**Q** 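Dropping the structure in here first, questions after.
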Amino acid sequence: MNIFNTAIVKMIPIIPRGIVRKFANPYIAGDKISDAVEKAKKLNAIGIMGTMDVLGEHNTLKEQAVKSTDECIEVLDAINKYKLDSNLSLKLTQLGLQMDFDFCKENLFRILDAARKYNTFVRIDMEDSACTDDTLRLYELSREYYSNCGIVVQAYLKRTYADVEKLVKQKSNFRLCKGIYVEPEEIAYKKKEEINENFLRILRLMLESKSYTGIATHDDALVEGSYKILEEFKLKKEEYEFQMLLGVREKLRNKIHENGHRMRIYIPYGEQWYNYCIRRFKENPKMATYVLKSILTGN
Ligand code: FDA
């Protein structure tokens, strides 16, 4: 990120929420569950799957975590009611991971029970590195009782290849992404080439072991690199999928889908849209420039 963009990103906390919201709109389905349902229906109509996500993270009160758990179950109810081709993504810090591991486990298992009843799948997102050990521990515990859950791993973390070597032995279901949090260089690759190389190395390990993998990227180089590995292992379309975020690189999304690959879109919604969008802005410096232009011109 150049100095100009870094300066704008630093200004984001003082930008009026109304302006941030205007730029957030393409990335979020809306405030309400009905908004996410509509988005999923539209994507399903063109043959694209969804993974719905109630925005929120780092809950610090047990009541909030219970509320988030109930909201996740509402999403599963809606998926079943409207027969959506969608599953659920969630963050364990929403369910109280940082407060009490066992309490978080109870909440997660309540969601996994509901998902099992509906024959639906739950994806556990990966958060910052302070949560990695506990997230993997809870995922591994869940897999002892539930087959309908999967985990996310981040290619920028130096530990991930070794984690995946262990996880493939339990026939895990993965989403592989680069990783979005700012991590120290002792534990994370920083250069794009290193992250991409690790991404493809890990993907090869997952696919070689026949683990179902969601290839989550908007990076042309990684899409091309993934195609080569898929071709090499002669995988069937049902053995993997591509995943992208709502509102990001829709032309690439359509191209991958038209090439005959399964595509799933991450559909976030909810009142806690602000933190999610700030992360998206920090990730994409161009957005920060647009925000500044809007402030200066009033458009
Ligand atoms: P890269 O960042 O190089 O982007 C490639 C190109 O895509 C950019 O040049 C730009 O054109 C476009 N682009 C990417 N992001 C954009 C954005 N926000 N706005 C506009 N354009 C954008 N991370 C994590 O740590 N834990 C998780 O659980 C998840 N979950 C997750 C689910 C799904 C379905 C996806 C697609 C991604 C995640 N991520 C995530 C985020 C992921 O780690 C990563 O930060 C982003 O996907 C961006 O990385 P790319 O591979 O797209 O490459």
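Read the numbers this way: they start at 1 and go in the same order the structure lists the ligands and their atoms. For the numbers below, each heavy atom of this structure counts, side chains included, while hydrogens, waters and symmetry mates do not. Positions are given from 1, in the same order as the sequence printed here. No experiment lies behind these values; they were computed from the predicted model shown.
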**Q** Answer with side chain, backbone, both or neither: which part of D219 has a heavy atom less than 4.0 angstrom from an atom of ligand 1?
**A**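 The answer is both.
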**Q** Could you walk me through whether T213 and S211 pass the side-chain hydrogen bond (donor to acceptor under 3.5 Å, both in side chains) check?
**A** CA-CA 6 Å; T213 303; S211 305; 5.7 Å; no
**Q** Out of K91, E127, K178, who is nearest to atom 2 (O) of ligand 1 when you count heavy atoms only?
**A**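 That would be K178.
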**Q** Is Y156 close to ligand 1, meaning an N/O of one under 3.5 Å from an N/O of the other?
**A**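 Checking ligand 1 against Y156, no N or O pair falls under 3.5 Å apart.
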**Q** Q154 heavy atoms, cut-off 4.0 Å: which ligand 1 atoms fall inside?
**A**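 Those of ligand 1 that fall under 4.0 Å from Q154 are 24 (C), 25 (O), 26 (N).
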**Q** Side chain or backbone, does M126 bring an N or O within less than 3.5 Å of an N or O on ligand 1?
**A**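 Yes: some nitrogen or oxygen of M126 is under 3.5 Å from one in ligand 1.
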**Q** In this structure, would M206 and Y227 fall into the same cluster of hydrophobic residues linked by side-chain contacts under 4.5 Å?
**A**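 M206 clusters together with Y227.
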**Q** What atoms of ligand 1 come closer than 4.0 angstrom to any heavy atom of D125?
**A**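 Close to D125: 28 (O).
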**Q** Can you list every pair that meets ring-ring contact (aromatic ring centres under 6.0 Å, His included) and has a residue in residues 164-197, with sequence neighbours left out?
**A**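 Passing the test, one end in residues 164-197: no pairs.
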**Q** Is K81 paired with D77 through a side-chain N to carboxylate O contact shorter than 4.0 Å?
**A**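 Salt bridge flag = no for K81 with D77.
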**Q** Looking only at distances, please establish whether an N/O atom of ligand 1 is found under 3.5 Å from an N/O atom of K192.
**A**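 There is such a contact, yes.
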**Q** Is a donor on one side and an acceptor on the other found under 3.5 Å between the side chain of R116 and the backbone of T120?
**A**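 Here the side-chain-to-backbone pair does not exist.
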**Q** Can you name the atoms of ligand 1, numbered from 1 with element, that are less than 4.0 Å from a heavy atom of A216?
**A**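 Answer for ligand 1: 33 (C), 35 (C), 36 (C).
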**Q** What are the atoms of ligand 1, with element, lying closer than 4.0 Å to any heavy atom of Y27?
**A**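 Numbered from 1, ligand 1 contributes 19 (N), 20 (C).
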**Q** Counting from 1, what ligand 1 atoms have a heavy atom of V152 closer than 4.0 Å?
**A**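 Taking each heavy atom of V152 in turn, ligand 1 has 27 (C), 28 (O) under 4.0 Å.
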**Q** Just checking, K39 and Y269: is the charged tip under 6.0 Å from the six-membered ring centre and within 45° of the axis?
**A**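 No.
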**Q** Strictly below 4.0 Å, N to O, side chains only: are D100 and K62 in salt-bridge contact?
**A**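 Result for this pair is yes, salt bridge flagged.
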**Q** Looking at D134 and R137, does any basic side-chain N land under 4.0 Å from a carboxylate oxygen?
**A**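 The answer is yes: the pair qualifies as a salt bridge.
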**Q** Quick check: closest heavy atoms across L157 and A188, and the distance to 0.1 Å?
**A**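 Taking L157 first and A188 second, the nearest heavy atoms are CD2-CB, 4.3 Å.
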**Q** Taking only heavy atoms of Y181 into account, list the atoms of ligand 1 that are under 4.0 Å away from them.
**A**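 Near Y181, the atoms of ligand 1 are 25 (O).
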**Q** Taking heavy atoms and a distance under 4.0 Å, where does H218 meet ligand 1: side chain, backbone, both or neither?
**A**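 Both backbone and side chain.
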**Q** Between H218 (side chain) and L245 (backbone), is there a donor-acceptor pair under 3.5 Å?
**A**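 Checking the backbone N and O of L245 against the side chain of H218, a donor-acceptor pair under 3.5 Å is found.
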**Q** Taking 4.0 Å as the limit for heavy-atom contacts, which would you say applies to I180 with ligand 1: side chain only, backbone only, both, or neither?
**A**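 It is both backbone and side chain that touch ligand 1.
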**Q** With atoms numbered from 1 as shown, which atoms in ligand 1 lie under 4.0 angstrom from a non-hydrogen atom of Q243?
**A**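 Ligand 1 atoms under the 4.0 Å threshold to Q243: 34 (C), 36 (C).
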**Q** Would you tell me which option among R249, R123, R253 has the nearest heavy-atom contact to atom 11 (O) of ligand 1?
**A**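 Looking at heavy atoms only, the winner is R249.
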**Q** Less than 4.0 Å between a side-chain N and a carboxylate O, is that true for K228 and E232?
**A**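 K228 and E232: not salt-bridged.
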**Q** Checking the N or O distance criterion of under 3.5 Å, is ligand 1 in contact with Y266?
**A**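 No, Y266 has no N/O under 3.5 Å of an N/O on ligand 1.
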**Q** Under a 4.0 Å heavy-atom limit, does R264 contact ligand 1 with its side chain, its backbone, both, or neither?
**A**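 Neither part.
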**Q** Please determine if G179 has a nitrogen or oxygen closer than 3.5 Å to a nitrogen or oxygen of ligand 1.
**A**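 Yes: some nitrogen or oxygen of G179 is under 3.5 Å from one in ligand 1.
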**Q** Restricting to salt bridge (charged side-chain N to carboxylate O under 4.0 Å, His left out), what partner residues turn up for D31, sequence neighbours left out?
**A**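 D31: salt bridge (charged side-chain N to carboxylate O under 4.0 Å, His left out) contacts with R21.
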**Q** Among P268, A221, C177, whose heavy atom sits nearest atom 29 (C) of ligand 1?
**A**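 When every heavy atom of P268, A221, C177 is considered, C177 comes closest to atom 29 (C) of ligand 1.
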